[in-house]
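Remarks on the structure that follows.
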Protein chains: 2
Amino acid sequence: MSLAYEFRTNAPSAAIMSANIGDIGDLLRRTGVPMNFGKDEEVYGQDEEADLVYRVIDGAVRTTRVLSDGRRQIGDFYLKGDIFGLETGPRHRFSAEAVRNSQILVVKASALKSAGADLERLDHMTTRRELDRALEHVLLLGRKTAHERVASFLLDLVHKAKAPIIDLPMGRQDIADYLGLTIETVSRMLSLLQSNRIVSFCATRQFRVINLDGLMDLAEQG
Amino acid sequence: MSLAYEFRTNAPSAAIMSANIGDIGDLLRRTGVPMNFGKDEEVYGQDEEADLVYRVIDGAVRTTRVLSDGRRQIGDFYLKGDIFGLETGPRHRFSAEAVRNSQILVVKASALKSAGADLERLDHMTTRRELDRALEHVLLLGRKTAHERVASFLLDLVHKAKAPIIDLPMGRQDIADYLGLTIETVSRMLSLLQSNRIVSFCATRQFRVINLDGLMDLAEQG
DNA sequence: CGCTTTATTGAGGGCGGTCAAAGAGCGTGG
DNA sequence: CCACGCTCTTTGACCGCCCTCAATAAAGCG
């Protein structure tokens, strides 16, 4: 167990964290194997043992859970650079699939550990981040309108991307299953946001923000 | 040693975990201070620093988040024996309030650590458990009907309680805000479950299960 | 008991779902 | 380069689940 681990850091520990993640990222690259996954291909299944760590090199991944009658819920999306698969305990609660053709770095957790990585710390940080996002997701699904959900979703992508033009790696059905809506409602809300001059779609899966304040207001971040 | 407060877990590695938690629980009792909170009294606020650990001695606690216009979402409930406040990172994302008059053990995390507790492990396990529950909550809010949500909620209580007659520590409004519904819909679904001979309410806040298989079917656990 | 809070039940409305069809995007092959 | 076929997306019309509003009933609590 690493003595370097601190339970509660008072200062915003972004610098420390990114430094650690940088090291881990380097280690991941050296220890892991890059693999290619085709669109909709499964990375891991629900209830599978979770002894691998994954990092998106290129593409996008979704975690999903399906009810017996086919209703599907997406837990989260993972984009380039994101680490996943480490966050759900000994067994996966959701399965993971490639949203589109993707390259993913696959690392054995045990190998990482023996290579000297502070896996526990990485795991802890990742889990915490997942929990934060899951709770935000709960608020969105429990109490936001369709309009607000779609606005929140786009705003989240904006924060991740930090570029003027933002790509949507996933289709409308995936967005719907993330937001607890139907594909038609998502489409309608996107059209509405566009006609209200909040965002502008240059292509079906590419947009830019016209009115950021308006988007933030609609997202109702609480 | 009297294990008056058992840590609740559905996780696979229950034996290992409860052994560790048993030790921690003992340490908590010796290091912590029991405090009384009145109904609806705040235990901690949103965005407050999180350097305390809490354990419900008696009563019940809810975590809540409120949108600017008053819409409220409850993150989770914590009942007798449950540990909370440790799960949301350096700052709380939700605030915590007593559902009804409650006695809560309050422990300084730093004190726990210097007393030799494996706080890291406790923190990690708690966070992981929270994430599991949050993801289940996401599925419920995103893809289940009102009928299924209420059934899932009751089933969850049944699993926690393991007693023939189960108490509801919270009112209908709290249930509604947990399930992303209105108080009227919750009330209607409870009436429906009762007229379908799935459960039976001996009092407004006390029920027993008549048809467990039926309840599980309705809960659509995926 | 009487007062307040909480829960139930009913009637009606609206947001988002369902069903359907047309349009756009896109790779493949002529 | 366009035609073709497939998938994905958009848009429209209608419907139903759940919300809203309202009134009553029950439960706490002094």
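Just so we're on the same page: letters track the sequence lines, and every chain starts at 1. Treat the numbers as computed from the prediction; the structure is a model and nothing was measured. Side chains are part of it too, since the values below use all heavy atoms of this structure and drop only hydrogens, waters and symmetry mates.
Atom-to-atom, CG of B:Asn101 to P of D:dC29 comes out at 9 Å; the value is rounded to the nearest Å. For B:Leu168 and C:dT6, the CG to C1' distance is 13 Å, given to the nearest whole Å. Rounded to whole Å, the distance from CG on A:Leu181 to C1' on C:dT18 is 14 Å. Distance A:Leu141 CG to C:dC15 P: 20 Å, rounded to the nearest Å. The interatomic distance linking A:Ile183 (CD1) with C:dA21 (P) rounds to 17 Å, in whole Å. For A:Arg143 and C:dC15, the CZ to P distance is 16 Å, given to the nearest whole Å. Rounded to whole Å, the distance from CG on B:Leu179 to P on D:dC17 is 18 Å. If you measure from atom CE of B:Met189 to atom C1' of C:dG10, you get 14 Å, rounded to the nearest angstrom.
Note on A:Thr204: only backbone sugar-phosphate atoms sit closer than 4.0 angstrom, heavy atoms only; bases stay farther off. Residue-level contact check: A:Arg149 touches neither bases nor backbone, having no heavy atom under 4.0 Å from any strand. Contacts of B:Leu190 with the nucleic acid, taken as non-hydrogen atoms under 4.0 Å apart, are absent.
Taking 4.0 angstrom as the limit, B:Lys144 places none of its side-chain polar atoms (N or O) nearer than this to OP1 or OP2 of D:dC18. Considering only side-chain N and O atoms, A:Thr185 lies nowhere under 4.0 angstrom from the phosphate OP1 or OP2 of C:dG16.
Residues B:Glu220 and B:Ser152 have side chains that never bring a donor and an acceptor to within less than 3.5 angstrom of each other. Using modelled atom types and a 3.5 Å distance limit, the side chains of B:Ser95 and B:Glu42 yield no donor-acceptor pair.
For the atom pair B:Asp174 CG and B:Ile183 CD1, the distance stands at 9.5 Å (nearest 0.5 Å).
Smallest separation of non-hydrogen atoms from B:Val61 and B:Ala96: CG1-CB, 4.1 Å.
A donor-acceptor contact under 3.5 Å is formed by the side chain of B:Glu184 with the base of D:dC21. Between the side chain of B:Arg188 and the base of D:dT20, at least one donor-acceptor pair of N or O atoms lies under 3.5 Å.
In terms of position along DNA chain C, the nucleotide closest to B:Arg205 lies nearer the 5' end than the nucleotide closest to the other residue of the pair B:Arg205 and A:Val186. Between B:Arg172 and A:Ala146, the residue whose closest nucleotide on DNA chain C is further toward the 5' end is B:Arg172.
Ring geometry for A:Tyr44 against A:His92 counts as parallel: the plane angle stays under 30°, on a 0 to 90° scale with 60° as the upper cut.
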